[in-house]
**Student:** 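One structure follows; several queries about it will come next.
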There are 2 protein chains.
Amino acid sequence: MTQPIQFWFEFASTYSYLAAMRVDEMAKARGVEVAWRPFLLGPIFHAQGWDTSPFVIYPAKGKNMWRDFERRCKQRGLPWRDPQEGLIDLFPQNSLLAARLTLVGLKEGWGRDFARAVYQAQFGEGRDISTGEALSPLIEASGGTADSALAAAGSPEIKSQLRTNVEEAIALGVYGAPSFTVGEELFWGDDRLEDALAWAVVTR
Amino acid sequence: MTQPIQFWFEFASTYSYLAAMRVDEMAKARGVEVAWRPFLLGPIFHAQGWDTSPFVIYPAKGKNMWRDFERRCKQRGLPWRDPQEGLIDLFPQNSLLAARLTLVGLKEGWGRDFARAVYQAQFGEGRDISTGEALSPLIEASGGTADSALAAAGSPEIKSQLRTNVEEAIALGVYGAPSFTVGEELFWGDDRLEDALAWAVVTR
């Protein structure tokens with residue numbers, strides 16, 4: 001018996017990239033279903049008095065994060081671009097449109113490929129991922145249709161769905177990304193994916 | 001060829017407990033020397049505007065930390081005491097005296113056993129570790145002499161040595177505990193002990 005795992009990710013988050021690129025493969029190997037749940041950290045950070053990422057607010061923490069992120073991308077053979085070449089000036093990127101488009105794509109079947117493409121464009125290639133212009137080619141490459149997806153992303157239904165994701169994340173105690181939940185059990189960080197999957201596999 | 005690893009730990013830190021209980025064994029298996037470096041997070045947190053632990057300041061983060069800490073203690077078979085039985089009200093404990101005593105003990109040969117005993121008393125048994133009265137039995141059990149160790153812990157030399165540790169940690173970019181450094185390469189968190197050891201064994 002396994003329980004499904006909820007994968008909570010934020011497009012501006014470096015460590016969400018690490019998790020997005022491995023969660024499906026690892027879950028499949030254990031027979032665990034994954035629900036991809038895009039959400040926004042902005043409202044959560046704002047509620048605790050932060051107007052940007054803690055990696056920007058606390059420079060020592062930010063410096064080590066970028067170094068650690070580089071080491072881990074290289075360990076895993078993931079595309080990585082030196083943030084000093086421009087990415088660090090964009091960080092954290094506005095992830096609102098990418099999150100809404102992912103919700104459209106998850107309904108239409110291209111959402112996971114799109115999400116991975118957005119992460120790779122951002123952290124593997126150092127690209128802007130905040131605009132429709134930037135994201136359109138990624139929608140098309142993932143099997144969607146850019147014009148209709150962008151229109152759907154602005155619909156009340158999708159806007160509401162993203163707000164609901166944020167509210168549900170907060171209710172589950174999520175305070176950073178990526179996070180994983182199995183029922184009400186919360187695991188924070190790419191480093192806890194293994195623990196979350198083990199939790200999903202044990203019969204309770 | 002291996003390089004030595006510096007193990008930076010703070011007695012108030014839950015995750016430092018996890019690292020303290022395994023660092024020597026894991027390093028020995030890889031032929032890596034470990035230098036135990038007690039330091040204080042208080043001055044570092046204070047400099048970034050925090051007057052206590054981020055696990056207290058940010059309740060969602062704190063709640064998940066205690067849960068995650070419980071899961072990991074149990075995974076590793078480490079003594080664990082439910083923080084709701086009183087420990088959470090002491091957290092973060094004043095670690096100044098324990099840190100100074102560890103410096104005394106490291107010179108006299110009982111420092112590592114003492115440090116592990118302090119962690120186990122605190123997180124495995126829920127005990128106060130902030131006073132000479134609380135720490136004296138742990139000194140004796142580790143092979144030291146409580147009266148002389150407490151006197152030495154108040155000496156200008158030991159006080160200065162702890163200040164130097166804090167300054168060196170800051171200079172290396174340390175912003176949390178535990179941390180590990182190999183030369184100038186910084187690794188943050190018990191989760192990065194494996195990476196730090198791998199870094200130490202690669203010839204550079």
Side-chain angles (χ1 to χ4, degrees), chain A residues 8 15 18 41 43-50 54-76 166 169-200 202 204, chain B residues 8 15 18 41 43-50 54-76 166 169-200 202 204:
Chain A
W8 300 93
Y15 291 106
L18 298 182
L41 277 173
I44 296 173
F45 285 172
H46 187 77
Q48 56 191 43
W50 296 344
F55 297 123
V56 175
I57 299 173
Y58 305 109
K61 189 178 178 72
K63 182 181 175 190
N64 184 251
M65 180 279 284
W66 288 111
R67 181 67 179 136
D68 184 65
F69 180 62
E70 175 185 353
R71 288 189 305 241
R72 287 193 101 65
C73 286
K74 291 179 175 175
Q75 276 174 10
R76 296 184 186 173
V166 174
I170 292 170
L172 285 162
V174 170
Y175 55 93
S179 289
F180 311 96
T181 53
V182 180
E184 295 196 341
E185 193 76 11
L186 169 65
F187 301 83
W188 171 53
D190 175 66
D191 292 320
R192 291 293 177 275
L193 175 54
E194 288 83 354
D195 280 13
L197 289 170
W199 196 271
V202 175
R204 284 170 208 287
Chain B
W8 300 93
Y15 291 106
L18 297 182
L41 277 173
I44 295 174
F45 286 172
H46 186 77
Q48 58 190 42
W50 297 343
F55 296 124
V56 175
I57 299 173
Y58 305 109
K61 188 177 179 74
K63 182 180 175 190
N64 184 250
M65 180 280 285
W66 287 112
R67 182 67 178 134
D68 184 65
F69 180 61
E70 175 185 354
R71 289 190 304 243
R72 289 193 100 64
C73 286
K74 291 179 176 175
Q75 277 173 10
R76 297 188 186 169
V166 174
I170 292 170
L172 285 162
V174 170
Y175 55 94
S179 290
F180 311 96
T181 52
V182 180
E184 296 196 340
E185 193 76 9
L186 169 65
F187 301 82
W188 171 52
D190 176 67
D191 291 321
R192 290 293 177 276
L193 174 55
E194 288 82 354
D195 280 14
L197 289 170
W199 197 270
V202 175
R204 286 171 205 287

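Letters A, B, ... mirror the listed sequences (proteins, then strands); counts begin at 1.
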**Student:** Among all residues two or more places apart in sequence or in another chain, which pass the salt bridge (charged side-chain N to carboxylate O under 4.0 Å, His left out) test with B/Glu194?
**Tutor:** B/Arg22
**Student:** For chain A, which residues from residues 170-182 of chain B lie under 4.5 Å away (heavy-atom distances)?
**Tutor:** B/Gly173, B/Tyr175
**Student:** I need the residue from A/Ile44, A/Ile57, A/Asn64 with the largest number of non-hydrogen atom pairs under 4.5 Å to chain B.
**Tutor:** A/Asn64
**Student:** Any non-hydrogen side-chain atom of A/Glu185 less than 4.5 Å from a side-chain atom of B/Arg71?
**Tutor:** yes
**Student:** Please identify, among B/Arg192, B/Gln48, B/Gln75, the residue contributing the most non-hydrogen atom pairs under 4.5 Å to chain A.
**Tutor:** B/Arg192
**Student:** Which answer fits B/Lys61, side chain, backbone, both or neither, if we ask what part of it has an atom under 4.5 Å from a heavy atom of chain A?
**Tutor:** both
